[in-house]
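Working notes, structure below.
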Protein chains: 2
Amino acid sequence: MSTVTPRHTVRHPPTLEAVAEAAGVSRATVSRVVNGSPRVRGEVVEAVQKAIAELGYVPNRAARSLASSRTHSIALLVPEEVSRFFGDPYFASFTTGLDRRLAASEYVLNLVVARDDPDRKAVRYVRGGNVDGAIVVSHHSGHEFLAQLEGVVPIVFGGRPEAGISAEPYFVDVDNVAGGRLATEHLLGLGRRRIATIAGPVDMTASMDRLAGFRAAMDDAGLPSTAIDYGNFTAPGAAAAMRRLLEEQPDLDGLFVASDLMATGALRVLAARGIRVPDDIAIVGYDDSPAATWGEIGLTTVSQPSELMGATTVDVLLRLLGGDPDVPHANIVPTELIIRESA
Amino acid sequence: MSTVTPRHTVRHPPTLEAVAEAAGVSRATVSRVVNGSPRVRGEVVEAVQKAIAELGYVPNRAARSLASSRTHSIALLVPEEVSRFFGDPYFASFTTGLDRRLAASEYVLNLVVARDDPDRKAVRYVRGGNVDGAIVVSHHSGHEFLAQLEGVVPIVFGGRPEAGISAEPYFVDVDNVAGGRLATEHLLGLGRRRIATIAGPVDMTASMDRLAGFRAAMDDAGLPSTAIDYGNFTAPGAAAAMRRLLEEQPDLDGLFVASDLMATGALRVLAARGIRVPDDIAIVGYDDSPAATWGEIGLTTVSQPSELMGATTVDVLLRLLGGDPDVPHANIVPTELIIRESA
DNA sequence: CCCTCCCGTGAGAGCGCTCTCCCGCGCGGT
DNA sequence: ACCGCGCGGGAGAGCGCTCTCACGGGAGGG
């Protein structure tokens with residue numbers, strides 16, 4: 001039990017006013033220096049910067065927001081299932097990319113969980129003018145409330161949103177169809193012919209596109225693309241799908257799994273049954289996530305540059321916030337096949 | 001190319017003033033209602049609330065902060081390695097708990113990455129009065145910059161911080177020593193005698209405490225606690241540790257792994273070598289994370305109520321922010337053994 | 001040599017709230 | 001009847017910044 005007061009007394013931090021006085025100029029001039037206006041003489045800039053450094057001045061965000069009606073913060077809108085979101089390595093590195101790029105700007109990230117509560121707290125938050133823009137990730141269809149955000153602030157989607165969510169959405173995405181095709185063609189190139197796929201949820205464009213790529217490649221090869229099951233982008237889900245696939249078609253020799261995390265689930269099932277990879281079944285994953293190298297054998301996988309995607313998403317949003325008139329709506333980042341041992 | 005202007009024009013949202021006029025009262029009264037002051041007559045409260053609902057009024061956060069010098073936002077300070085942080089299921093559910101509790105309050109989470117950049121952006125951010133309080137997670141020692149935050153705002157640690165970081169830190173933690181002991185005693189109770197452990201990093205109290213619990217239990221049983229290796233809380237790290245342990249002592253019959261994620265790494269090595277679990281080696285993990293049920297067999301594990309911890313961390317911080325004079329510094333949440341198939 | 005223009009700077013009006021006063025009214029005590 | 005008190009509500013002064021506008025002075029043109 002200490003004798004200090006529990007209340008943290010905030011010794012008043014220096015204001016613009018104080019800096020102005022110290023530098024012998026007006027508030028307006030200090031403000032100009034802080035905001036990098038070119039219309040200030042060099043020596044004055046230096047004097048002000050010296051005063052700022054000496055006083056340890058940090059602009060008051062609230063005051064700045066109030067006066068300029070720009071908050072300098074952007075919302076990271078994540079879906080209800082926070083733990084699913086954060087548990088996924090893809091999003092982990094997406095967020096890393098986001099953050100890195102954001103760190104170079106003066107914007108701050110507000111973590112907003114878009115839950116389906118009756119009063120739409122997240123929507124009210126964004127509509128309430130609390131952020132200048134928003135980044136939406138892992139967007140399943142059914143989140144119609146996003147429509148309520150249209151036109152309120154610029155929104156950039158990490159991954160292409162479902163049609164109908166937004167008239168002309170800004171988004172960053174990889175070419176998932178090409179990725180699915182790439183993976184499947186690699187398996188075909190290896191001579192595999194009885195190829196199955198474990199897809200992600202049907203309500204996510206990313207997983208449906210990868211599936212489309214799989215189908216296209218199989219079609220082109222004149223093979224049936226009937227061995228399809230769904231794993232919900234989780235390892236247990238994929239394990240269950242793997243068991244079902246093996247039941248239907250025990251002689252599979254190739255498998256395309258729409259995420260590395262799911263691939264770990266599938267691999268576990270295979271290992272348990274003594275099915276050898278890649279000897280018996282060659283496997284290609286998707287994401288090039290850390291999970292791809294967790295196992296005893298490296299997973300051949302389609303590289304989604306998730307960190308780059310995060311960074312790009314921020315770039316797009318910042319350009320939008322900067323008033324750039326010709327930001328492309330679709331921002332596609334490249335996909336690549338990383339060949340390891342599993343296929 | 002649409003004809004709309006790229007600039008998102010913000011139609012001015014209603015202000016307190018507007019609500020006051022609509023309800024036929026003064027700004028002050030509306031403010032009282034919004035902030036739940038008891039000194040307003042019931043009928044007036046209703047009239048104001050009606051006006052608020054009709055106008056769709058949302059308080060302007062910036063103005064509020066400026067006037068009250070409270071920001072109503074709290075920083076979630078995460079360590080540099082964002083992807084490690086987010087990739088860990090424990091933190092995922094910790095964050096879920098955080099968020100759920102926070103959603104009930106009017107506070108907002110600011111994601112601040114505490115990187116070791118030269119100008120300490122994170123420190124400046126917090127010191128700049130941008131948040132009312134901070135939550136620090138995954139705190140390794142070596143983050144001495146936290147010292148610069150002492151006394152600036154209330155800080156609550158998720159997990160006990162290293163000694164020396166803060167004179168008298170507020171923290172929420174599980175009793176990791178008890179947890180390590182619990183796990184080890186379970187193995188002993190199963191009749192296992194040649195028990196090893198894969199510990200976490202040596203610079204984290206949580207992992208050192210679990211190790212201490214392991215040692216204590218072994219000592220009490222009169223057994224040597226020499227089979228110790230370290231896995232850095234990652235699956236590949238644990239896999240490497242497992243291989244080393246087996247090399248040194250191939251006849252192990254029990255294993256305590258300090259995290260479920262690491263346990264998955266160890267299990268993979270065991271599976272690859274045909275060592276059966278639990279028949280040959282019984283394994284107890286730690287965290288009761290989703291990873292515990294990913295495998296073919298369920299992992300017996302020590303349950304860390306991570307979501308509860310997140311929620312509790314917020315509780316502690318909110319009490320601190322509320323000026324509660326007697327918030328305990330150490331907040332210990334209970335630990336529990338979840339028995340599945342692996343031991 | 002005067003007028004115009006621009007450039008660097010200062011003055012000052014808000015931005016939308018909170019919060020301290022202060023006022024008026026109705027009640028109870030003397 | 002008077003005074004005091006408490007309670008509900010209003011008035012108004014900021015909070016720390018941005019931004020428009022005005023202003024003084026030097027350069028350039030006629």
Side-chain angles (χ1 to χ4, degrees), chain A residues 10-49 51-52 55-73 106 108 127-132 323, chain B residues 10-49 51-52 55-73 106 108 127-132 323:
Chain A
V10 183
R11 16 122 254 155
H12 251 312
T15 68
L16 243 206
E17 189 89 48
V19 176
E21 199 175 342
V25 296
S26 72
R27 280 205 325 277
T29 299
V30 179
S31 176
R32 288 188 185 103
V33 172
V34 170
N35 295 297
S37 160
R39 321 164 9 105
V40 183
R41 254 185 316 149
E43 37 186 311
V44 175
V45 171
E46 278 170 35
V48 171
Q49 280 170 343
I52 288 177
L55 295 174
Y57 169 73
V58 178
N60 180 309
R61 217 177 186 80
R64 188 181 265 207
S65 298
L66 184 55
S68 65
S69 68
R70 266 174 292 120
T71 63
H72 289 288
S73 55
E106 53 180 338
V108 178
R127 293 195 73 104
N130 293 304
V131 293
D132 295 342
Chain B
V10 184
R11 13 124 256 152
H12 253 311
T15 68
L16 242 206
E17 189 88 49
V19 176
E21 198 177 340
V25 296
S26 72
R27 280 206 324 279
T29 300
V30 178
S31 177
R32 289 187 183 104
V33 172
V34 169
N35 295 296
S37 160
R39 325 173 355 112
V40 183
R41 256 184 314 147
E43 36 187 312
V44 175
V45 171
E46 278 171 34
V48 171
Q49 281 170 343
I52 288 177
L55 295 175
Y57 169 73
V58 178
N60 179 310
R61 218 178 183 78
R64 189 182 262 203
S65 297
L66 183 55
S68 65
S69 68
R70 267 173 291 121
T71 64
H72 289 290
S73 55
E106 51 177 339
V108 173
R127 294 196 71 105
N130 293 305
V131 293
D132 295 340

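Heavy-atom basis, side chains included; hydrogens, waters and symmetry copies ignored. Chain letters run A, B, ... following the sequence lines, proteins first, then strands; residues in each count from 1.
Under the salt bridge (Lys or Arg N to Asp or Glu O under 4.0 Å) criterion, A:Glu46 pairs with no residue, sequence neighbours left out. Residues that satisfy the side chain to side chain contact (heavy atoms under 4.5 Å, CB included) test with B:Ala51, not counting sequence neighbours, are B:Val19, B:Ala22, B:Ala23. Residues satisfying the side chain to side chain contact (heavy atoms under 4.5 Å, CB included) criterion with A:Ser69, sequence neighbours excluded, are absent altogether. Not counting sequence neighbours, the partners of B:Val45 by the side chain to side chain contact (heavy atoms under 4.5 Å, CB included) test are B:Val33, B:Val40, B:Gln49. Every residue meeting the side chain to side chain contact (heavy atoms under 4.5 Å, CB included) condition with A:Ala63, not counting sequence neighbours, appears here in chain and number order: A:Asn60, B:Leu66. Taking A:Arg61 as the reference, nothing meets the salt bridge (Lys or Arg N to Asp or Glu O under 4.0 Å) condition, with sequence neighbours excluded.
In terms of heavy-atom proximity, A:Pro59 sits nearest to A:Val34 at CG-CG1, 4.1 Å. Summarising the geometry of B:Tyr57 relative to B:Thr15, their closest heavy-atom pair is CE1-C, 3.5 Å, with the distance given to 0.1 Å.
Listed by residue number, A:Leu66, A:Ala67 are the residues of residues 55-69 of chain A with a heavy-atom contact under 4.0 Å to DNA chain C.
Rounding to the nearest 0.5 angstrom, the gap separating the CG atom in B:Leu16 from the OG1 atom in B:Thr29 is 10.5 Å.
Taking the 5' to 3' direction, DNA chain D first and last meets chain B under 4.0 angstrom from a heavy atom at D:dG8 to D:dG16.
Over its length, the helix from C:dC1-D:dG30 to C:dT30-D:dA1 turns its helix axis by 40°, as judged from the five terminal pairs at each end, rounded to 10°.
Within the structure, side chain to side chain donor-acceptor pair (under 3.5 Å) pairs that include any residue of residues 32-45 of chain B comprise B:Ser31-B:Asn35, B:Arg41-B:Glu43 (at least two apart or interchain). Residue pairs satisfying the salt bridge (Lys or Arg N to Asp or Glu O under 4.0 Å) criterion with at least one member in residues 14-31 of chain B, sequence neighbours excluded, are listed as follows: B:Glu17-B:Arg27.
If you run side-chain contact (heavy atoms from CB on, under 4.5 Å) between B:Ser73 and each of B:Val131, B:Asp132, B:Asn130, only B:Val131 comes through.
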Check: protein-nucleotides 6-10 of chain C nitrogen or oxygen pairs below 3.5 Å:
{"from": "C:dT9", "atom 1": "OP1", "to": "A:Arg41", "atom 2": "NE", "distance (Å)": "2.9"}
{"from": "C:dT9", "atom 1": "OP1", "to": "A:Arg41", "atom 2": "NH2", "distance (Å)": "2.7"}
{"from": "C:dT9", "atom 1": "OP2", "to": "A:Arg41", "atom 2": "N", "distance (Å)": "2.8"}
{"from": "C:dG10", "atom 1": "OP2", "to": "A:Ser26", "atom 2": "N", "distance (Å)": "3.0"}
{"from": "C:dG10", "atom 1": "OP2", "to": "A:Ser26", "atom 2": "OG", "distance (Å)": "2.9"}
{"from": "C:dG10", "atom 1": "OP2", "to": "A:Thr29", "atom 2": "OG1", "distance (Å)": "2.5"}
{"from": "C:dG10", "atom 1": "O6", "to": "A:Arg32", "atom 2": "NH2", "distance (Å)": "2.7"}

